[in-house]
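Report on the following structure.
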There are 2 protein chains.
Amino acid sequence: MAGAEEQAASKGKARAATSGRAKSRPRTKAEQRAQSLEQILDAAEYLFSKRGLDGVTLRDVAQRVGIHTTLLHYYFKDKTNLFEAVFARRAGVTSGRRMVALEQYEAEAGDNPTVEGALHAFLDTDLDLYYQGGEPWMNYAAFCARVSNTPEGAALMDQHFDPVVLKLMQILKRALPDYSEEDIFWGYHFVSGALMNTLGRTGRIDRLSGGVCHSDDFPAIKKRMARFMAAGFMALKR
Amino acid sequence: MAGAEEQAASKGKARAATSGRAKSRPRTKAEQRAQSLEQILDAAEYLFSKRGLDGVTLRDVAQRVGIHTTLLHYYFKDKTNLFEAVFARRAGVTSGRRMVALEQYEAEAGDNPTVEGALHAFLDTDLDLYYQGGEPWMNYAAFCARVSNTPEGAALMDQHFDPVVLKLMQILKRALPDYSEEDIFWGYHFVSGALMNTLGRTGRIDRLSGGVCHSDDFPAIKKRMARFMAAGFMALKR
DNA sequence: ATTATCTATAGATCTATAGATAATGC
DNA sequence: ATTATCTATAGATCTATAGATAATGC
């Protein structure tokens with residue numbers, strides 16, 4: 001019964017309906033595998049970003065791709081595994097890019113790194129990545145924001161993003177030699193909250209501001225965020 | 001089968017096991033009703049704060065209280081209704097208190113309101129409420145943070161918190177007469193992100209800082225947040 | 001009499017696995 | 001031969017409702 005529906009879905013509109021891709025079935029098995037993996041991850045990323053781990057069923061994901069639920073198990077063992085794969089797929093790219101940007105800034109700044117400089121490297125690099133990466137990257141950003149305050153998500157954040165954040169902390173400490181570690185960590189806590197709120201794009205600021213601001217206007221945020229936060233850090237000095 | 005288990009649970013340890021209260025069954029029906037409602041809301045609040053709407057089953061809630069799932073339907077119709085009731089229960093208190101604090105500050109400040117003054121009224125009042133309110137209020141704070149970036153939660157935020165936020169905006173505009181609305185709204189966007197990150201108490205900052213900071217140290221945050229954010233606002237001037 | 005609480009159960013999912021079938025790969 | 005995909009199905013929930021029972025209320 002349910003099987004018949006799913007079958008119809010997969011035969012009818014087929015996988016092409018979901019993403020722009022997949023016009024013709026790929027030839028080699030390697031290609032086919034790669035395409036299926038990517039389509040599954042894209043669909044899961046989108047759905048998890050909207051509804052969270054528990055709000056999405058494997059059937060939702062399968063239907064969005066136009067495949068059978070069982071294929072998800074074939075490729076990803078179970079739901080948790082799929083979730084972690086979604087997180088991991090792009091985590092290396094964002095953390096790598098920010099790491100490079102921070103190291104480059106550190107080299108440029110020499111003995112006089114500034115808070116604002118470090119924050120530009122950290123924040124702008126990331127905002128650019130999402131904004132320029134188009135829909136998939138924006139979805140990933142929303143996914144990260146959405147899961148960042150769940151136990152599962154927080155564990156993955158620790159695992160994938162601690163190194164970049166600690167690199168940022170290292171530069172901030174050099175920029176603020178007379179600050180306590182505590183002040184700097186709380187400053188970062190404020191920064192990361194604002195960043196997650198941005199990546200989430202819930203549309204709340206749009207409604208609140210009556211359309212003056214738009215959740216997905218990352219350029220507007222990039223223009224303000226590092227400057228705003230740097231000034232905040234400076235104000236913590238007593 | 002399942003029925004037998006639930007029965008055993010409700011007969012055995014009973015409701016007293018969950019919260020400190022409920023030593024003796026209340027006498028009147030009105031009291032009984034009130035107590036049941038409160039216990040259900042407390043349990044749901046706690047669980048929703050940890051796992052979100054879809055991560056919690058009605059059975060989880062019923063088990064935590066020590067009652068039958070069906071009683072949840074008796075009092076709250078369905079799951080959505082229960083969720084909204086959890087949100088609504090304390091929303092009026094927090095938004096009311098902040099509204100009073102903002103109006104009082106406005107009166108005190110006369111013609112010269114400051115950003116920092118307004119933010120102290122807005123933020124400190126709320127942080128105090130949660131911190132001094134003990135566990136239930138801390139759970140509510142985490143609940144709000146957790147659901148703030150979900151569609152269901154965002155709608156409730158709009159509904160319950162828009163008036164206070166717009167009151168804050170009104171004072172900020174007077175404090176920053178030469179600022180664009182856009183700048184002020186983005187500033188608020190940063191503030192609210194940092195606040196939600198605080199209310200969530202995910203423990204990420206604890207792990208990241210190696211124990212230097214603690215997620216539930218609201219006094220430490222209160223000491224820094226308004227000052228930090230006010231300086232951020234001032235830096236947006238070009 | 002009215003209200004709080006429980007029993008029993010319908011009906012709908014959901015995750016996961018075993019095993020069959022249909023493709024590509026040498 | 002190997003790998004991708006589907007069929008069939010087990011087993012475990014989950015939400016919600018109808019109707020019974022056990023308390024309090026006049």
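Below, chains carry the letters A, B, ... as their sequence lines are ordered, and counting in each starts from 1.
For the side-chain hydrogen bond (donor to acceptor under 3.5 Å, both in side chains) test, residues two or more places apart in sequence or in another chain that qualify with A:Arg207 are B:Asp158. Applying the side-chain hydrogen bond (donor to acceptor under 3.5 Å, both in side chains) criterion to B:Tyr130, with sequence neighbours excluded, gives B:Asp126. Among residues two or more places apart in sequence or in another chain, the side-chain hydrogen bond (donor to acceptor under 3.5 Å, both in side chains) test is passed with A:Thr125 by none. Residues that satisfy the ring pair (Phe, Tyr, Trp, His ring centres under 6.0 Å) test with B:Phe190, not counting sequence neighbours, are A:Phe228. The salt bridge (charged side-chain N to carboxylate O under 4.0 Å, His left out) check on A:Lys167 picks up A:Glu106, with sequence neighbours excluded. When the salt bridge (charged side-chain N to carboxylate O under 4.0 Å, His left out) test is applied to A:Arg51, the partners found at least two apart in sequence or on another chain are A:Asp60.
Between A:Thr94 and the choices A:Arg98, A:Arg90, A:Arg97, the side-chain hydrogen bond (donor to acceptor under 3.5 Å, both in side chains) rule is met once, by A:Arg98.
Taking atom CG of residue B:Leu58 and atom C1' of nucleotide D:dC14, one finds them 8 Å apart after rounding to whole Å. What separates CD1 of B:Ile67 from C1' of C:dC6 is a distance of 11 Å, to the nearest Å.
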Check: Given Watson-Crick or G-U pairs with both distances under 3.5 Å, what dot-bracket string fits DNA chain C, with | for other-strand pairs and [ ] for crossing?
Finding: ||||||||||||||||||||||||..
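With the nearest nucleotide of DNA chain D identified for both A:Thr70 and A:Tyr74, A:Tyr74 has the one nearer the 5' end.
At a non-hydrogen distance threshold of 4.0 Å, B:Asp78, B:Lys79 from residues 75-85 of chain B come into contact with DNA chain D.
Here ring pair (Phe, Tyr, Trp, His ring centres under 6.0 Å) pairs that include residues 145-167 of chain B, with residues two or more places apart or in two chains, are B:Phe87-B:His160, B:Phe87-B:Phe161.
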